[in-house]
Amino acid sequence: MGGSHSREELISDSDEEEYEEEEENYQDSKDDTPERSSSGRRPKTPSSLDEVAAKLEALKLKYPTSNTPNPSLKNAVKLYLHIGGNTPKAKWVTSEKLTSYAFIKTAKIDGQDGAEDGEESENEEESGDVWWVMKVGNKIRVKVGVEMQLKSFGDQRRVDFVAKGVWAMKFFSDEEYKSFVRKFNDCSFENTYKMESNDANKVKVYGKDFIGWANPEAADDSIWEDAEDAFSKSPRSATPVRANQDLREEFEEAANGGIQSLALGALVNSFLVGDSGIQVVKNFTHGIQGKGVYVNFDNGNQRSGLNSVHSTPRKALLMRAETNMLLMSPKTEGKPHTTGLHQLDIETGKIVTEWKFGKDGTEITMRDIANDSKGAQLDPSGATFLGLDDNRLCRWDMRDRNGIVQNLATSTPVLNWTQGHQFSRGTNFQCFATTGDGSIVVGSLDGKIRLYSITSMRQAKTAFPGLGSPITHVDVTFDGKWILGTTDTYLILICTLFTDKDGKTKTGFNGRMGHRVAAPRLLKLTPVDSHLAGVNNKFRNAQFSWVTENGKQERHLVATVGKFSVIWNFQQVKNGSHECYHNQEGLKSCYCYKIVLKDDSIVDSRFMHDKFAVSDSPEAPLVIATPLKVSSFSISSRR
């Protein structure tokens with residue numbers, strides 16, 4: 001999993017090399033190395049040219065060269081286009097040997113007008129919403145933002161980005177390159193927060209304690225290095241993931257119906273939740289495999305079937321040593337909110353009751369549910385779980401207020417709200433997860449990530465400001481030291497460790513983090529991979545590998561985007577000297593990942609429990625589900 005780029009099977013192992021190699025072809029093979037091509041020195045003539053061509057080259061005739069900009073052309077760049085998609089013929093080609101870019105402020109993002117580059121930023125009337133847009137010649141006009149997936153290469157004075165295709169721009173000097181990056185970041189900030197990019201406004205957005213998020217170069221990264229040292233001392237650190245390890249498919253099976261979600265077990269079985277029922281599969285050290293057992297939602301019994309469900313269950317939560325499952329179905333198609341859930345007894349294959357969410361005699365909704373802690377599904381006596389709505393965070397109990405199991409013959413048993421808080425409007429909670437001790441992390445629509453201790457759901461101990469993109473899914477390590485947030489276009493990895501005034505190391509779940517807050521790191525797709533994933537495909541459900549034991553460390557991260565399952569090496573992401581971070585501007589972004597490509601859109605990708613990792617593998621199997629198939633992959637060394 002080590003290389004500097006994504007997957008060898010779809011594009012070359014290094015798109016920098018591919019880019020430079022193609023550039024050489026379009027410059028009559030004048031460049032000898034990538035470094036030469038971006039320098040001001042005259043490149044060598046390759047040995048493939050004949051002697052006459054070499055002599056002509058040596059004459060240095062006064063023809064304009066691609067590395068000599070027009071002195072009267074402002075913001076001059078050379079423009080390249082990536083063609084060929086994921087075919088063996090994929091390559092970079094020169095689109096414009098000399099063109100220019102401009103940032104303009106306009107309400108016409110996609111529209112064309114007769115204004116000259118840069119004029120609109122000064123002259124256009126600000127009626128309604130206006131945005132910063134980047135124009136490159138007459139070929140590119142795109143709203144500035146994270147959707148462009150901009151990737152910079154400081155050593156090559158180059159940026160790659162997506163704009164109805166994958167493009168690259170090369171600059172003719174270091175100062176021109178740095179000027180572009182600064183202006184791009186300023187425009188992106190203003191488009192995101194609707195305020196000018198300056199120090200005062202960045203303090204308003206991030207807060208003085210998190211100013212390192214806006215100015216990563218000044219942030220204290222020592223906590224990342226400390227955490228990396230701790231990682232190396234964790235169990236099984238003697239067999240770290242190496243660059244020559246690969247994914248190997250072990251099982252692939254057809255599902256009984258359209259799979260909607262995965263419910264992986266840590267004991268004997270796992271479960272595939274589909275349109276019409278649940279398929280039970282068996283856990284093995286090399287993945288999951290079908291046993292032929294299938295539980296239909298509607299088995300002809302009005303009481304025990306799911307006839308009253310509004311739609312197909314979208315969330316399944318295992319409980320009570322994985323003998324029971326809570327099924328949550330949206331009330332309205334396309335929206336996650338629901339007024340209740342169903343409890344399935346896995347051993348009998350029957351729905352034993354339909355629960356309602358209520359508080360103070362009033363029916364309320366929930367958008368998500370979660371176990372009390374990372375390992376709570378293994379507790380045979382578990383009777384509580386957590387609930388989340390847009391402005392609610394609470395704990396539900398399936399017993400009555402006296403701790404007695406409710407009579408399931410009751411027509412509509414109501415869950416008991418035992419702990420929680422109903423916030424005023426504006427929190428816009430989206431997702432949540434729990435640590436090994438039951439601390440809670442919550443992601444919000446505005447990008448904020450809040451940490452709640454096990455003692456209070458009213459006041460967050462720490463609130464990370466986010467980067468402006470909604471958090472659609474969140475996960476946390478068993479020890480609570482790391483948080484992984486999912487947005488549509490990137491993943492954000494946050495370290496919660498800090499040192500208090502007494503010199504003790506704590507997490508943001510059990511103390512207020514001071515001003516020494518480390519900047520987060522981003523996990524992204526390269527512009528080429530992002531474009532190949534499809535314009536409408538977004539990151540979903542990023543999570544850590546699964547451990548439920550103190551002292552053990554998660555070793556990988558996995559996320560889904562379209563037909564891609566994307567896997568990062570956790571230790572590599574935390575390594576500050578990793579090659580991905582060289583010559584980067586702004587927040588450190590990691591592009592080193594492995595991709596598994598499926599024939600259909602992926603429903604979910606998850607690692608099995610750590611106990612299923614075998615001695616010759618550093619990780620438990622990865623399970624990938626599409627609507628009609630489920631596959632298991634092991635991480636093994638290439639032979």
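For clarity, every value in this text was computed on a predicted model and none was experimentally measured.
Between Lys598 and Glu249 there is a salt bridge, since a side-chain N of the basic residue sits under 4.0 Å from a carboxylate O of the acidic one. Taking the charged nitrogens against the carboxylate oxygens, Lys374 and Asp475 do have a contact shorter than 4.0 Å, which makes a salt bridge. Using a 4.0 Å cut-off between a side-chain N of Lys or Arg and a carboxylate O of Asp or Glu, Lys481 and Glu554 do not qualify as a salt bridge. Look at Asp599 and Lys563 and you find no salt bridge, because none of the NZ, NE, NH1 or NH2 atoms lies under 4.0 Å from a carboxylate O. Here Asp600 does not pair with Lys629 in a salt bridge; the nearest charged N to carboxylate O distance is not below 4.0 Å.
For the salt bridge (Lys or Arg N to Asp or Glu O under 4.0 Å) test, no residue two or more places apart in sequence or in another chain qualifies with Asp446. With sequence neighbours excluded, the residues that form a ring pair (Phe, Tyr, Trp, His ring centres under 6.0 Å) with Trp546 are His609. Annotation: salt bridge (Lys or Arg N to Asp or Glu O under 4.0 Å) contacts of Lys139 (sequence neighbours excluded): Glu96.
Summarising the geometry, atom OG1 belonging to Thr507 is positioned 8.5 Å from atom CE belonging to Met513; distances are rounded to the nearest 0.5 Å. A distance of 7.0 Å separates CG in Leu497 from OG1 in Thr505, rounded to the nearest 0.5 Å. The CZ atom of Phe564 lies 10.0 Å from the CZ atom of Phe539; values are rounded to the nearest 0.5 Å. Note: Leu467 CG to Thr192 OG1 = 9.0 Å, rounded to the nearest 0.5 Å. Here the straight-line distance linking atom OG of Ser589 with atom CG of Leu522 works out to 4.0 Å at 0.5 Å rounding. Rounding to the nearest 0.5 angstrom, the gap separating the CG atom in Leu484 from the CZ atom in Arg521 is 14.0 Å.
The shortest side-chain heavy-atom distance between Thr472 and Arg540 does not fall under the 4.5 Å cut-off. Two residues are said to be in side-chain contact when any heavy atoms from C-beta on lie closer than 4.5 Å; Ile83 and Lys91 meet this criterion. Using a 4.5 Å heavy-atom cutoff, the side chains of Val281 and Val630 are not in contact. Between Trp213 and Ile494, the closest side-chain pair of non-hydrogen atoms falls below 4.5 Å. Side-chain contact between Ile471 and Thr487 is present, with heavy atoms from C-beta onward closer than 4.5 Å. Within the 4.5 Å cutoff, side-chain heavy atoms of Thr526 are placed close to those of Tyr593. Looking at Val442 and Val474, their side chains never come closer than 4.5 Å, going by heavy atoms from C-beta outward. Using a 4.5 Å heavy-atom threshold, the side chains of Tyr581 and Asn575 count as separate.
Ser605 and Ser565 share a side-chain donor-acceptor pair at under 3.5 Å. Counted by atom type alone, Ser634 and Glu250 present one or more donor-acceptor pairs between their side chains at under 3.5 Å. Between Glu619 and Ser545, the side chains place a donor N or O and an acceptor N or O closer than 3.5 Å (distance only, hydrogens not considered).
Under a 3.5 Å cut-off, the side chain of Asn191 and the backbone N or O of Trp132 do form a donor-acceptor pair. The backbone N or O of Gly508 sits less than 3.5 Å from a side-chain atom of Thr462, completing a donor-acceptor pair. In this structure, the side chain of Asn537 engages the main chain of Ala533 through a donor-acceptor pair within 3.5 Å. For the pair Ser197 (side chain) and Glu190 (backbone), a donor-acceptor distance under 3.5 Å is absent. Without hydrogens or angle criteria, His286 side chain to Phe633 main chain gives no donor-acceptor distance under 3.5 Å. In this structure a side-chain-to-backbone donor-acceptor pair under 3.5 Å is present from Lys611 to Ala266.
The minimum heavy-atom distance linking Val162 with Val142 is given by the pair O-CG2, 4.5 Å. Gly265 and Phe612 get closest at one heavy-atom pair: O-CE1, 4.1 Å. Heavy atoms only, all atoms of each residue included: Asn541 and Val603 are closest at ND2-O, 4.3 Å. In this structure, Lys524 and Trp568 approach most closely via the heavy-atom pair O-CZ2, 3.7 Å.
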Point to revise | Trace of the ring pair (Phe, Tyr, Trp, His ring centres under 6.0 Å) decision for Phe180 with Phe103 | key: CA-CA 9 Å; Phe180 169 86; Phe103 292 103; 5.6 Å; yes
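Relative orientation of the Phe570 and Phe544 rings is tilted, given thresholds of 30° and 60° on the angle between their planes.
The number of heavy atoms from other shown groups lying within 6.0 Å of NZ (Lys202) is above 12. Applying the 6.0 Å contact sphere to NZ of Lys164 captures no more than 12 heavy atoms from other residues, nucleotides or ligands.
Each of Lys151, Met169, Glu147 was evaluated against Phe161; a single residue qualifies, Met169, per the side-chain contact (heavy atoms from CB on, under 4.5 Å) test.
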